[in-house]
Amino acid sequence: MAARSHPCIYRVSSSLTDAGLYQQAIEYDERTARHSNDIHGPDHPDTLSARNNLAVSYRGAGRVQGALDLRERVLADCERILGDDHPDTLSARSNFANSYRDAGRVQDALNLGERALADCERILGNDHPATLIARSNLARARDAAAAVQQLDTATPATVADLQPPSDASE
């Protein structure tokens with residue numbers, strides 16, 4: 001979801017997050033979301049965008065469950081207010097899939113990520129920036145699933161596996 005009426009607000013939050021100042025970014029985003037809610041109301045696209053930005057800051061701060069919960073509400077609100085096929089709803093769906101991945105819910109991330117990509121391709125086309133992001137997000141979910149699968153099928157190391165290689169030639 002893109003920052004709307006005030007792109008500089010998003011840039012400030014993004015800069016704080018990039019600098020590792022997560023708590024300051026969260027405080028800024030919470031204040032921005034409250035302000036947008038007070039001015040525009042809870043169903044305005046700017047308010048939805050502000051809440052999405054707060055979820056980004058939560059994620060940066062490692063507050064995975066907080067980001068997951070907030071993105072779930074943002075997606076539900078986007079679907080209710082904007083409809084299933086609105087570009088902001090498509091982005092919210094892809095973002096929520098990322099939060100599933102961050103929370104270790106890889107199968108949920110794959111399922112929702114596949115839906116997000118298919119919807120983006122159908123509605124926006126193969127080369128739209130949101131489609132490219134959805135494709136990249138799904139690739140990361142697939143990588144996470146492969147890593148989980150590899151861990152699940154790995155053979156436990158034995159003492160011999162942990163020994164340094166012998167210098168003796170055969």
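Since we're looking at a predicted model, the values are computed, not measured.
Separation of atoms CG (Leu54) and OG (Ser36) is listed at 12.0 Å; rounding is to 0.5 Å. Distance check: Asp77 CG to Asn52 CG gives 12.0 Å after rounding to the nearest 0.5 Å. Between the CG atom in Asp119 and the CD atom in Glu114 there is a gap of 12.0 Å [rounded to 0.5 Å]. To the nearest 0.5 Å, the span separating CG on Asp46 from OG1 on Thr32 amounts to 11.0 Å. To the nearest 0.5 Å, the span separating CG on Leu90 from CG on Leu124 amounts to 5.5 Å. The CZ atom of Arg51 sits 11.0 Å away from the OH atom of Tyr58 when rounded to the nearest 0.5 Å.
You'll find the side chain of Phe96 reaches within 4.5 Å of the side chain of Leu68, heavy atoms only. At a threshold of 4.5 Å between non-hydrogen side-chain atoms, the residues Arg59 and Thr17 do not count as touching. Between Ile81 and His86 there is no side-chain heavy-atom pair separated by less than 4.5 Å. At least one side-chain heavy atom of Leu132 sits under 4.5 Å from a side-chain heavy atom of Arg135. A heavy-atom distance below 4.5 Å is found between the side chains of Val74 and Cys78. By the 4.5 Å heavy-atom criterion applied to side chains, Arg71 and Leu75 are not counted as neighbours.
Follow the hydrophobic side-chain contacts under 4.5 Å out from Val106 and you reach Leu117 in the same cluster. Both Val148 and Leu138 are assigned to one and the same hydrophobic cluster, defined by single-linkage of ILVMFWY side chains at heavy-atom distances under 4.5 Å. If you chain together hydrophobic residues whose side chains sit under 4.5 Å apart, Ile26 and Leu70 fall into the same group.
The pair Arg140-Asp143 does not meet the salt-bridge criterion, since no charged nitrogen lies less than 4.0 angstrom from a carboxylate oxygen.
Between His44 and His40, the ring planes are parallel. Angles under 30° get that label, and only those over 60° would be called perpendicular.
For the 3.5 Å distance criterion, the side chains of Ser13 and Asp29 qualify, holding a donor opposite an acceptor.
Thr89 places no side-chain N or O within 3.5 Å of a backbone atom of Asp84 that could act as its donor or acceptor partner. Not one N or O on the side chain of Thr131 forms a donor-acceptor pair closer than 3.5 Å with the backbone of Asn126.
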Working for side-chain contact (heavy atoms from CB on, under 4.5 Å), residues His128 and Ile123 | CA-CA 10 Å; His128 189 278; Ile123 296 161; over 6 Å; no
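Counting all heavy atoms, side chain and backbone alike, Ala109 lies closest to Ala97 at CB-O, 3.4 Å.
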